[in-house]
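See below for the structure under consideration.
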Amino acid sequence: QVQLVESGGGLVQAGGSLRLSCAASGLTFSRGYAMGWFRQTPGKERDFVAAIAWSGWSGGNIYYGDSVKGRFTISRDNDKNTVYLQMNSLKPEDTAVYYCAAAYGLWSDYNNYRRYNYWGQGTQVTVSS
């Protein structure tokens, strides 16, 4: 059974930082899986935040949504089966539920949530002004 468990969300003031973690189990994390972060607010579609591909196929390419470039950093530790999202210079508009996801395969559109096979339960991030 595949499980993705996010942690690290919370309440932070604008300009602050948070680091989200996503621990994966039940899948061969280090082979073939790209890992991504998406976020969602009530009544809106799930938005792409960042993704990191599997290094075996694409050299571990990294992708970011336009709204987080230069502020967020995604990384992965294959030994720990964990992906991270370091979020700096947070803004109130970053407030959302953040989801971790795993996509098997080599794709050109990791920003497409339909590519992802598995999802975590989400963690709330709230940025106060």
*Mind checking the OH-CE spacing from Tyr98 to Met87? Nearest 0.5 Å is all I need.*
5.5 Å
*Out of curiosity, does Leu106 fall in the hydrophobic cluster containing Tyr104 (side-chain heavy atoms, cut-off under 4.5 Å, transitive links)?*
yes
_Stepwise side chain to side chain contact (heavy atoms under 4.5 Å, CB included) test for Phe72 and Val49_ = CA-CA 9 Å; Phe72 291 11; Val49 176; 3.7 Å; yes
*What distance do Leu90 atom CG and Ser128 atom OG have between them, rounded to the nearest 0.5 Å?*
10.0 Å
*asked:* Using only atom types and a distance under 3.5 Å, with no angle test, would you say the side chain of Asn112 pairs donor to acceptor with the backbone of Asp109?
replied: no
_Let me confirm one number: the CZ-OG distance from Arg71 to Ser89, rounded to the nearest 0.5 Å._
7.0 Å
*Heavy-atom side-chain contact between Thr95 and Thr41 under 4.5 Å*: no
*Ignoring hydrogens and angles, tell me if any N or O in the side chain of Arg31 forms a donor-acceptor pair with the backbone of Leu27 under 3.5 Å.*
no
*Where does the angle between the aromatic ring planes of Phe38 and Tyr113 fall among parallel (under 30°), tilted (30 to 60°) and perpendicular (over 60°)?*
perpendicular
_Using the rule given for side chain to side chain donor-acceptor pair (under 3.5 Å), can you reason through Thr82 versus Asp77, listing the C-alpha separation, both sets of side-chain angles and the distance that settles it, and then say yes or no?_
CA-CA 5 Å; Thr82 300; Asp77 185 334; over 6 Å; no
*Same hydrophobic cluster for Val127 and Val68, using side-chain heavy-atom links shorter than 4.5 Å among ILVMFWY?*
yes
*Any idea which heavy atoms bring Trp54 and Gly32 closest together, and the distance?*
CD2-N, 3.0 Å
*Results of side-chain contact (heavy atoms from CB on, under 4.5 Å) for Ala51 - residues two or more places apart only*: Phe48, Tyr63, Tyr110, Tyr116
*Does one hydrophobic cluster hold both Leu85 and Val5, with members joined at side-chain heavy-atom distances below 4.5 Å?*
no
_Please determine whether side chain to side chain contact (heavy atoms under 4.5 Å, CB included) holds for the pair Gln86 and Ser75, giving the CA-CA distance in whole Å, both sets of side-chain angles, and the decisive distance to 0.1 Å._
CA-CA 8 Å; Gln86 178 66 44; Ser75 61; over 6 Å; no
*Does Arg46 make a cation-pi contact with Trp119 (under 6.0 Å, within 45 degrees of the axis)?*
yes
_Hydrophobic clustering (ILVMFWY, side-chain heavy atoms < 4.5 Å, transitive) - are Tyr84 and Leu4 grouped together?_
no
*asked:* Using 0.5 Å steps for rounding, measure from the OG atom of Ser21 to the NZ atom of Lys80.
replied: 9.5 Å
*Using a strict cut-off of less than 4.0 Å between a Lys/Arg side-chain nitrogen and an Asp/Glu carboxylate oxygen, indicate whether Asp66 and Lys69 qualify as a salt bridge.*
yes
*State, with a plain yes or no, whether a side-chain heavy atom of Val125 is found less than 4.5 Å away from one of Leu20.*
yes
*Can you tell me how far CD1 of Ile52 sits from OH of Tyr64, rounded to the nearest 0.5 angstrom?*
7.5 Å
*Step by step, would you call Trp37 with Glu6 a side chain to side chain contact (heavy atoms under 4.5 Å, CB included)?*
CA-CA 10 Å; Trp37 289 95; Glu6 301 99 335; 3.8 Å; yes
_Restricting to non-hydrogen atoms, name the atom on Ala53 and the atom on Ala34 that form the minimum distance, rounded to 0.1 Å._
CA-CB, 3.8 Å
*Enter the distance from Asn81:CG to Arg76:CZ here, rounded to the nearest 0.5 Å.*
9.0 Å
*Going through the checks in order, is the side chain to side chain contact (heavy atoms under 4.5 Å, CB included) test met by Cys100 and Val83?*
CA-CA 8 Å; Cys100 169; Val83 62; 3.8 Å; yes
_Close side-chain approach of Val97 and Thr123, heavy atoms under 4.5 Å_ = no
*Measure from NZ or CZ of Arg39 to the centre of the six-membered ring of Tyr99 and say whether it is under 6.0 Å with the direction within 45° of the ring axis.*
no
